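Here's the structure, in structure tokens; my notes come after.
Note that the structure is a prediction, hence the values are computed from the model and not measured.
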Protein chains: 2
Amino acid sequence: MVTIQDVAKAAGVSPMTVSHVINEHPHVKTATRQKVLVAISALDYRVNIAARNLRTGRTGTIGLAVPELDRPYYGHLAALITEAAAEHKLHVVVEQTGATRESELRALALSRNRLYDGLILATVGLGAADSDLLRVDHPVVILGERIFDGPVDHIALPNVDGAQTAVTHLIESGCRRIAILDAAAPEAPHPDDAAPGERAAEVNVSTLRHTGYRTALAAAGIAYDPALVTGVERFTMRGGAEAATRLVESGVPFDGVFCVTDTVAMGALRAFATLGIRVPADVKVIGFDDVPESEYLVPSLSSIAPDHDETARTAVRLLVDRIQHGATGRPAREVVSGYRLVARETTAG
Amino acid sequence: MVTIQDVAKAAGVSPMTVSHVINEHPHVKTATRQKVLVAISALDYRVNIAARNLRTGRTGTIGLAVPELDRPYYGHLAALITEAAAEHKLHVVVEQTGATRESELRALALSRNRLYDGLILATVGLGAADSDLLRVDHPVVILGERIFDGPVDHIALPNVDGAQTAVTHLIESGCRRIAILDAAAPEAPHPDDAAPGERAAEVNVSTLRHTGYRTALAAAGIAYDPALVTGVERFTMRGGAEAATRLVESGVPFDGVFCVTDTVAMGALRAFATLGIRVPADVKVIGFDDVPESEYLVPSLSSIAPDHDETARTAVRLLVDRIQHGATGRPAREVVSGYRLVARETTAG
DNA sequence: TTGTACGCGTTATCAG
DNA sequence: CTGATAACGCGTACAA
């Protein structure tokens, strides 16, 4: 391994001078600079980032931790954040947490974070109950469901409002029996049903969007029918296809479906095609996320489009601010992303 | 920042002993270990990876550099490689190169690589002419087109054979006028057309798959018609849709389309739907890559499925071997991935 | 304008 | 079983 010392020796100067050249400090004679540059390229010298990092405490890199890399939503997010970070001259590296609460906490706590100047953590497994665990001393921005009064900066997706808008759109398109495909296991009670003082069920993407669904129904005077709620094992295409198939096989009539994510909707659309159910003629479908694929599906998928670009930019901006002004200085901020309804063929008249 | 020294002081031992405990060295009395562990958790100490890395030269992390993160193929690849690496107790971080030759070379040469024990580089921009530039001293595995006799370990996709199989499948399905959507700019001459001694045009995914296309046509006695070759600006859905639209508007008759990637095919399918061209009734379509989405499209997309799982596992295995046995010891190896034809609805009778 | 000395936090070596 | 010492490669402060 060729070090800065080797370069110094080769150029006939001190290591310090080499350092000055590398870091483009002004007070180096041009002739000296040239000698050093020649030596650097002759020896193919590269600075040792680990050493520099140890000395300076900065890496110029931020981490992005996402639940799963092979879901369009996160791929898109990663691309946008990479772009936004570049404007701040920061590199982005992405890692996969695995979509469980434990793994997300691990990503957060891992000493590895020392290799990043900051971390953007996209969560699905963390709940409001984990608030305390989010208290870390390095710059972190959480991207995900709503965690009120959390100790870290946090960008919340417009889950409730977005879902309500989606379902309202189905209603306005003429649907009356609207099914929902969302997370399977813990039956999410409607907030209104919770006994006073009782802790609400875990807050996550699914329960929030479920809430929006119920709110929209209620606003339109449509009764909530548990038979129309179908659980999705995982928020994947396969999960969506299986859930949609179960919904159809249950025999319960429905004329609209709100899918918790576009990926789930893609699975559902496929299942409907297989079962001979026409979209949008027989059933209208809407998703959430507006992943790039949605526009190109046949039929193209209506969706709720959070302002991804703005979200990415805000996440990076908040993080950069923490990096520059200290992780624990200012109180935590919460930002809710904007969104818009994108009506496409799956909800066409 | 709490250091190993702080822990040592708190536990009343030397920093060295703390290090022994952290790294689970055997010869530490249980009582001592306990004291240290207590101090560690009391102080919430985390090892400083940068310092450890500086000292040991290992990070336990490998890098994966891909052209673009928001393409299903790379997302899927990243997920599989992460999984494969976990079996070797290695972390994976993914970064985006940007799909240009320069950026890929930069990813390769970057001092940043010192933060990884090794790098898996998925290429699209690099050509055979860059062989020399690939000569680096740290462990690297290239994933991409075929670069014969390159200086680094290399996993090649079965581009030529796979494309030939895809086009042959179209022919066997009854197609006679088969269009191809592939890279736009430099007209790729068929190897047979190159004058002897003349350097072949740049070798990349597109030219290789183009070669497979021509080989399949030739084998079936079908004349190559340049009018059926349509350039795709970028290998995105949008690029595919635009190219397909141009193809149709050109007025040239065709009954089959081979798309250079599944993502391009998704765009093409959408364009055909918009233009009222039925798939597979009017035109049959096949892609390449077999991304997870393909199975769920309507109609589901026939494709060439490289053995992604095996590819990921092999890439990691080769890299681990280099990490353990030195980057420059053994001569470079080239492995070609296996593949299979997946016939779905877009090429159904 | 250039050089010297030291410290960042950790671990390898080797002695006790 | 535990600890002292040195070293990893770089950057900062200060001296020359």
Are the side chains of B/V47 and B/I22 in touch, meaning some heavy atoms are under 4.5 Å apart?
yes
Is it the case that B/T314 and B/T311 place a side-chain donor and acceptor less than 3.5 Å from each other?
no
Taking atom types as modelled and ignoring hydrogens, do the side chains of A/E95 and A/Y116 form a donor-acceptor contact shorter than 3.5 angstrom?
yes
Verdict with reasoning, B/T82 to B/H91, per side chain to side chain contact (heavy atoms under 4.5 Å, CB included):
CA-CA 7 Å; B/T82 300; B/H91 271 273; over 6 Å; no
Can you give the first and last nucleotides of DNA chain D, 5' to 3', that have an atom under 4.0 Å from a heavy atom of chain A?
D/dG9 to D/dA13
Can B/E83 and B/R313 be counted as an ion pair, charged N to O under 4.0 angstrom?
no
Could you check, using the six-membered ring where one of them is a Trp, whether B/H76 and B/H308 have ring centers closer than 6.0 angstrom?
yes
Using five base pairs at each end, measure the axis-to-axis angle across the helix from C/dT1-D/dA16 to C/dG16-D/dC1 and round it to 10 degrees.
40°
Cationic N near anionic O, under 4.0 Å, A/R234 to A/E68
yes
Would you call B/L77 and B/L143 a side-chain contact if the rule is heavy atoms closer than 4.5 Å?
yes
Any donor-acceptor N or O pair under 3.5 Å, side chains B/D117, B/T59
yes
Is A/R330 salt-bridged to A/D321, cutoff N-O under 4.0 Å?
yes
If a protein heavy atom is under 4.0 Å from the base, mark B; if only from the sugar-phosphate, S; if neither, -; do that for nucleotides 6-16 of chain C going 5' to 3'.
-BBBBBB----
